[in-house]
Structures are given as C-alpha cells and as structure tokens.
Amino acid sequence: METTEDHNPMAHFQQWFYEVEKAHPEDEVNAMILSTIGLDGFPKNRIVLLKRFTWEGFVFFTNYYSEKGKAIAKDNRVSCSFNWTASKREVLITGKAEKIPENLSEGYFESRPEGSKLSAWVSHQSDVISSRKVLEDRLKKYKTKFKNKIIPKPKYWGGYIIKPETIEFILHSEKIKFKHRTKYRLLSNYCWSKNIQIIID
C-alpha cells in the first residue's frame, strides 16, 4: 500500500488504521497488545480491543478490578502495540493510562448488545472460579434481575484512555529487508518531535 506521513502522530495513526482496515477487512485491525507493569513488578501483556481514538489518545474498556486495572491503579505507565502483519506495519506506543469520565463509559456501555452488558456483570476478570456452573448461575441471576429493565453499567467497569508520550510507526519493506521507522516524541511544550530512520535487517 502507498503511504504518506503526517507530522501529527494521531493523524498518522488514523491514516494507517483506515488504510489497513480497507485493505484487510478480514483482520481485527483494532486488536492491540496492552502491556502493564504487574503488581509483582513484571511486565504483563494481553490483547484488548481499541474502541476509539481521539487527538488525546487511545480508548479501551475493561473491568477496573481486573489484573490490568489493578496494575494501572498502581502504576499507570503502559505500552501498547498494533501488529498489522498483512500490511507489513507495526505501531508501538508508550504513555500513561487514565480513566475516562464516567458519562463517556456509560454512553459506550449503553451502545453494547444485551449479552455484552450481562457479561460485564457476570465476569469478574482475573478471579479464579471453581467451575463453569458458577458463571452460568451468575448469568441466570442477572438475566432475572434485569428482565425487562435497562441494564446499568457496573461501577467497576469502564474505559481508559492511553495518552501517548511516544508513538513509533514501522513499515517493513516488501522487496528488500529494511524497516522505515518514524518515531514521534511528545515534548514539554506539547508539540511532537519526529525522527525518521531506515534500518537494514
């Protein structure tokens, strides 16, 4: 795919995101690897889904009491990455995660299908359960509780925004083995520096 670059990294990300989505609609383009510093001091990786991005950063939703939620509460420095293999592109991001306003989490929750809303109540992420029946019983309980009612958002569920401090775009050459790397860094005046490197593999 042909590509151009923008000095604003969020515009650069937007362009790449939609180009990949258009070229490879079969791929889950919004799947990203989120890395946190675990409570044990070691990095922890998991796949989450990017639900929106703005000029401020990258938004995902989760249970605040999950392992990643607890890790962010203790140390909100995170990294995330997108590996768009079919397009030969990668995006690497470092920054800090912050909870988004409650009304924005509620607005997104209201847009979710009923099954997804119920699962937010049923699934206590990272908790160990004795059997599948525990989840099935919880599901029955909440189906009965919210029958013919609006399902509210649990207090422990909501969104985070990753406010980036560095964003790195890597384009792998299709013909010869080199990488075109563009790295943006947020400066103290809230402008972005931009550095371009060609790396021979």
Stepwise side chain to side chain contact (heavy atoms under 4.5 Å, CB included) test for K22 and Y18: CA-CA 6 Å; K22 182 178 179 180; Y18 289 127; over 6 Å; no
Show me the donor-acceptor pairs within less than 3.5 Å that the side chains of residues 91-98 make with the rest of the protein, sequence neighbours left out.
| unit_1 | atom_1 | unit_2 | atom_2 | d |
| --- | --- | --- | --- | --- |
| T94 | OG1 | T166 | OG1 | 2.4 |
| E98 | OE1 | K163 | NZ | 3.2 |

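- In this structure the side chain of T54 reaches within 4.5 angstrom of the side chain of I161, judged on heavy atoms.
- Of all heavy-atom pairs spanning R112 and A120, the tightest one is NH1-CB, 4.2 Å.
- K68 places a side-chain heavy atom less than 4.5 Å from the side chain of V48.
- Counting side-chain heavy-atom gaps under 4.5 Å among Ile, Leu, Val, Met, Phe, Trp and Tyr, the cluster of I33 also holds I47.
- Looking only at side-chain heavy atoms (C-beta outward), V122 and Y142 come within less than 4.5 Å of each other.
- In the hydrophobic clustering (ILVMFWY side chains linked at under 4.5 Å, chained through shared members), I37 stands by itself.
- The two atoms that bring A71 and G38 nearest to each other are CB-CA, 4.3 Å, heavy atoms only.
- Contact of the I196 side chain with the H180 side chain is registered, since non-hydrogen atoms from C-beta on lie closer than 4.5 Å.
- Connectivity analysis of hydrophobic side chains (ILVMFWY, heavy atoms under 4.5 Å, direct or indirect) links I150 to nothing; its cluster partners are none.
- In terms of heavy atoms, S66 sits closest to T62 at OG-OG1, 3.6 Å.
- Considering only residues two or more places apart in sequence or on other chains, K143 meets the side chain to side chain contact (heavy atoms under 4.5 Å, CB included) condition with L118, L139.
- In this model, no donor atom of one side chain and acceptor atom of the other lie less than 3.5 Å apart for K153 and S105.
- The two atoms that bring S173 and K88 nearest to each other are O-CD, 4.3 Å, heavy atoms only.
- For the residue pair H172/E90, the side-chain donor-acceptor check at 3.5 Å is satisfied.
- Residue Y160 is tested with Y108, F61, Y64 for a ring pair (Phe, Tyr, Trp, His ring centres under 6.0 Å); the sole match is Y64.
- A cation-pi arrangement, defined by a distance under 6.0 Å to the six-membered ring centre and an angle within 45 degrees of its axis, is present between R89 and W16.
- Contact annotation: the side chain of F82 approaches that of F13 to within less than 4.5 Å [non-hydrogen atoms, C-beta and beyond].
- Here E165 does not pair with R185 in a salt bridge; the nearest charged N to carboxylate O distance is not below 4.0 Å.
- In this structure, L39 is not a member of the same hydrophobic cluster as F42, with clusters built from ILVMFWY side-chain heavy atoms closer than 4.5 Å.
- A 4.5 Å side-chain heavy-atom check between I151 and E114 finds at least one atom pair inside the cut-off.
- With a 6.0 Å radius and a threshold of 12 heavy atoms from other residues, nucleotides or ligands, E106 has its CD atom above the threshold.
- Residue W157 forms a ring pair (Phe, Tyr, Trp, His ring centres under 6.0 Å) with just one option from F109, F60, W121, and that option is F109.
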Verdict with supporting geometry, F169 and Q15, side chain to side chain contact (heavy atoms under 4.5 Å, CB included): CA-CA 12 Å; F169 297 85; Q15 180 180 343; over 6 Å; no
Step-by-step side chain to side chain contact (heavy atoms under 4.5 Å, CB included) determination, N8 to Y184: CA-CA 8 Å; N8 184 312; Y184 298 86; over 6 Å; no
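- Residues satisfying the salt bridge (Lys or Arg N to Asp or Glu O under 4.0 Å) criterion with D75, sequence neighbours excluded, are R77.
- With contacts defined as side-chain heavy-atom distances shorter than 4.5 Å, the pair S87/H24 qualifies.
- Counting heavy atoms from C-beta on, the side chains of E168 and R181 come closer than 4.5 Å.
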